[in-house]
Undergrad: 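Can you keep this structure in mind? I'll have questions shortly.
Keep in mind it's a predicted model, so treat the numbers as computed, not measured.
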Amino acid sequence: MRNESLDPILRPASVAVIGASRKPGTIGYQIIDNLVKHGYTGAVYPVNPSAASIHSIRAYRSVLEIPDPVDLAIVVVPKERVLEVVDECCAKGVRGLVVISAGFREVGGSGVERERALVERVRRHGMRLIGPNCMGVLNTAPDMSMNATFAPTMPPAGPAAFMSQSGALGVTILDYARELGIGIRQFVSVGNKPDVSGNDLLEYWEEDEAIRVILMYLESLGNPRKFTRIARRVTRRKPIVVVKSGRTAAGARAASSHTGALAGTDATADALFAQCGVIRVESVQALFDVALAFSHLPIPGGNRVAIVTNAGGPGIMIADACEAAGLEVVELTEETQARLRASMPEEASVRNPVDMIASATAESYRIALDAVLADPRVDAAIAAFVPPLGVRQQDVAAAIVEARRARPGKPLVAVLMGREGLPEGRAELGAAGVPAYIFPESAARALAAMDAYRRWLERPLGVVRTFEVDRGTVRRVIEDALAAGRMHLTTMEAMAILRAYGIPTVECRLARSADEAAAAAEAIGFPVVLKVLSRHIVHKSDVGGVAVDLRGPEEVRDAYRRMMQRIAEVAPGADVDGVLVQPFIKGGRETIIGMTLDRSFGPVLMFGLGGIYVEALGDVAFRVEPVSDVDAWEMVRGIRGRRLLEGFRGEPPADQALLVEVIQRVSQLVGEYHEIQELDINPFVAFEVGGLALDARIRVGPAESAPRGGLRDREREEATSSLLPAG
Ligand code: ADP
Ligand code: MG
């Protein structure tokens, strides 16, 4: 269902511009100019206390003087006057506000209070608010034709919706869109977004059939869980492409000082996007490359690409770029090759990349593109053209367009590498719905993004499983620790929690003396492992607190004494409760399964191979809780070292299905106990069949001090949405 509360902002019947100006070069002038110049279909009311008319339109001293109803007010007055004019808007019954003025939360100090007061008024009157600190909104739908921004350029109309968290970048983006021929249906610069968020816009755009692709420039996600839930649904209907800044640590710092928003960790953001089918790209350039393809082309049936070129070098470069992007430069069928051979000179190559050599004419392109697009092995094609003497780029462009029309079911893009005639060629192709790029990488990444989207559409949604578990034990252990003021659970307690959640753990016995340790070892059976048990020691082997492969009672007694002695030396003052005795586990593959609490994303689960793979190579996969079965499989199969789990060089495979289940059980555990702030199962040893947690570390804290504080998901949603006006 469309969220109609946004209609007064994006489909208003009338717009008041409060702070309209007669002076060219000001924002208050530019917005009126844009509304009028681009043919806004509704009524425009300039508001200015001292001008009788602006841009030949009668002006009003206050919004209250406007005789007719006003759907949307664009506010461009100085920050000190914003609350006052918003009060007037409330009195007037204005339904939507776009506050362009800056000087709110993004500047800190009194700006924070000013924003709070603004939002309070908006909520109280059931209005919706875009901004403050934004550059406006735009809707090119023919029945609206509304440019309520101060950008100097109007993008062409088309199927893309664009949300930008940066105002300045928004201007650039509209500029680019015009130049590259990317058709924009709606554009919203969200600013500080204390009311209308990216999530609201996603839901609004989800229902708009004219919008085929959603583009977002993000600096932060206000409510990541809600974003995931909405995006997961929206991406089933249309692609969402995101550039998220703050990739590097330096970028993240700049992002938080910029809009005053908190930027999450980057790996977490990647995980989150992967979980909801959002395509993340590296740059604004890449965003446009991909947007162009999604705007015009059908989703390919696979990743196999054919390349048709009139020069060998570009053909090879494009082939390399395709392979690097995960596309397959496929071998053409015999039949296709024969068809190509029949129409080409001897020196041409009819194998993929098809090199028609410099003598190729527009007609050669038409024939060759038709042949490769007809090939059942080919899912998409790239036509590359370097202008030689005697062939006009425009003619070739026309032939490419013809090929695209003749075979509309498969994506076709062009790479035009020459300077001469390039703009004309690109424009012609663009107008006819063939994305034309200058660089091979652009074409490759556009097709790769489309293929990633196809895989997402084919990927099952997955289910978040709820296992039968023993919650009483977990509650008791956590409460005991918190009551005693302990943050770190002992290994014994952590293991008990895992067991309560159905995660297999190695047998553990507590021993408080050398003799008790030897007796425990006898009961378990040799060889055994001793581990120091102390609430002060988190990393046991770092202090000599782990002794492995002990083969008899004497060895155990000996190891016990030596361990206590050593710990007294390196960790004096540590309270030692004794040792854990465990069977010594041979074989299997060591993995790590863990969770950390991200301050904006909540619990984030991690999977990786244990030992050096985690520490030296950082080879881990993340997913945000709740982790579905499909997510968990993607984690296990998503690490670079996955082959080690599949059985490598004669070594047995590891029980991947069990790893997947353990990840899901951990996800359930941390989702149900918000007191758990950090968790590490390191190692979890996976055998060919079965597996065991050998060590576990859990840090707890009062649930309300956790960033996502003690609320269940649903309660959290309700807590957020109850702040919004009904509907
Ligand atoms: P910590 O991580 O606190 O140093 P661990 O209990 O993880 O202590 O032990 C360190 C390493 O010793 C493990 O990563 C694993 O390689 C090995 N290890 C621990 N327990 C066993 C066991 N029961 N059988 C075999 N090896 C073990
Ligand atoms: Mg460990």
Side-chain angles (χ1 to χ4, degrees), residues 292-293 295-312 314-316 318-319 322 327-388 390-418 421 424-437 440 443-444 446-447 450-451 454:
L292 206 51
S295 296
H296 295 300
L297 301 176
I299 306 299
N303 74 337
R304 300 164 305 173
V305 178
I307 299 160
V308 172
T309 173
N310 68 342
I316 293 167
I318 294 170
C322 285
L327 300 167
E328 187 192 344
V329 182
V330 73
E331 180 163 336
L332 303 170
T333 60
E334 290 294 333
E335 205 186 326
T336 305
Q337 295 195 31
R339 246 185 101 185
L340 292 168
R341 172 63 58 216
S343 70
M344 273 183 219
E346 197 66 14
E347 304 79 16
S349 163
V350 298
R351 306 187 49 177
N352 198 5
V354 177
D355 178 5
M356 308 187 294
I357 68 172
S359 60
T361 60
E363 181 62 6
S364 319
Y365 272 92
R366 207 186 49 71
I367 295 170
L369 287 172
D370 193 71
V372 299
L373 285 171
D375 190 320
R377 282 193 200 156
V378 172
D379 298 309
I382 300 177
F385 179 70
V386 182
V391 184
R392 293 201 321 146
Q393 179 129 280
Q394 288 94 310
D395 296 340
V396 171
I400 295 172
V401 168
E402 216 180 300
R404 165 91 186 91
R405 295 233 167 94
R407 304 273 174 194
K410 290 182 186 177
L412 168 61
V413 304
V415 176
L416 303 182
M417 299 181 92
E424 294 88 335
R426 288 191 84 192
E428 170 147 16
L429 288 164
V434 179
Y437 302 104
L447 290 179
M450 293 194 97
D451 184 52
R454 169 195 60 90

Undergrad: Measure the shortest side-chain to side-chain distance between Arg351 and Leu332 over non-hydrogen atoms and say whether it is less than 4.5 angstrom.
TA: no
Undergrad: Report the residues that fulfil side chain to side chain donor-acceptor pair (under 3.5 Å) with Arg392, sequence neighbours left out, ordered by chain and then residue number.
TA: Asp395
Undergrad: How long is the span from the CD atom in Glu347 to the OG atom in Ser359, to the nearest 0.5 Å?
TA: 7.5 Å
Undergrad: Run Val354 and Ile307 through side chain to side chain contact (heavy atoms under 4.5 Å, CB included) and show every step you take.
TA: CA-CA 6 Å; Val354 177; Ile307 299 160; over 6 Å; no
Undergrad: Which heavy atom in Ala446 sits nearest to a heavy atom in Ala293, and how many Å separate them?
TA: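 Taking every non-hydrogen atom into account, CB-CB, 3.8 Å.
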Undergrad: Of the non-hydrogen atoms in Gln393 and Pro387, which two are nearest, and what is the gap between them?
TA: OE1-CG, 4.1 Å
Undergrad: Just wondering, do Tyr437 and Leu292 contact through their side chains at under 4.5 Å, heavy atoms?
TA: yes
Undergrad: Counting C-beta onward and ignoring hydrogens, is there a side-chain heavy-atom pair between Tyr365 and Val308 closer than 4.5 Å?
TA: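 Tyr365 reaches Val308 side chain to side chain.
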Undergrad: Are any non-hydrogen side-chain atoms of Val305 and Val330 less than 4.5 angstrom apart?
TA: no
Undergrad: Looking at Ile357 and Ala348, what are the two nearest heavy atoms and their distance?
TA: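 In this case the closest contact between Ile357 and Ala348 is CG2-CA, 4.3 Å.
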Undergrad: Mind checking whether Leu297 and Val413 have side chains closer than 4.5 Å, heavy atoms only?
TA: yes
Undergrad: State, with a plain yes or no, whether a side-chain heavy atom of Gln337 is found less than 4.5 Å away from one of Glu331.
TA: yes
Undergrad: Looking at CD1 of Ile299 and CZ of Arg454, how far apart are the two atoms once the value is rounded to the nearest 0.5 Å?
TA: 10.0 Å
Undergrad: Over all heavy atoms of both residues, which pair between Pro345 and Arg341 is shortest? Give the atoms and the distance, please.
TA: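 Heavy atoms of Pro345 and Arg341 come nearest at O-NH1, 3.8 Å.
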Undergrad: Check whether any side-chain N or O of Asp451 sits under 3.5 Å from a backbone N or O of Pro300 as a donor-acceptor pair, and report yes or no.
TA: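 No, because the side chain of Asp451 does not come within donor-acceptor range (under 3.5 Å) of the backbone of Pro300.
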Undergrad: What's the separation between atom CG in Leu412 and atom CD1 in Ile382, rounded to the nearest 0.5 Å?
TA: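 Separation between the atoms: 9.0 Å.
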Undergrad: So which heavy atom on Ala414 is nearest to which on Ile400, and how close?
TA: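 Heavy atoms of Ala414 and Ile400 come nearest at CB-CD1, 4.3 Å.
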Undergrad: Can you tell if the side chain of Pro314 reaches within under 4.5 Å of the side chain of Pro440, non-hydrogen atoms only?
TA: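 SC-SC contact between Pro314 and Pro440 ruled out.
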Undergrad: Determine whether Val415 and Phe385 make a side-chain contact, defined as any pair of heavy atoms from C-beta on separated by less than 4.5 Å.
TA: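 Not in contact.
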Undergrad: Do side-chain atoms of Lys410 reach the backbone of Val378 as a donor and acceptor pair under 3.5 angstrom?
TA: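 At least one qualifying donor-acceptor pair exists.
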Undergrad: I need the full list of salt bridge (charged side-chain N to carboxylate O under 4.0 Å, His left out) pairs touching residues 352-379, with sequence neighbours left out, sorted by first then second residue.
TA: Arg304-Asp379, Arg339-Asp370, Glu363-Arg366, Arg366-Glu402, Asp370-Arg407
Undergrad: Heavy atoms only: give me the nearest Ala403-Leu373 pair and the separation to one decimal.
TA: O-CD1, 4.1 Å
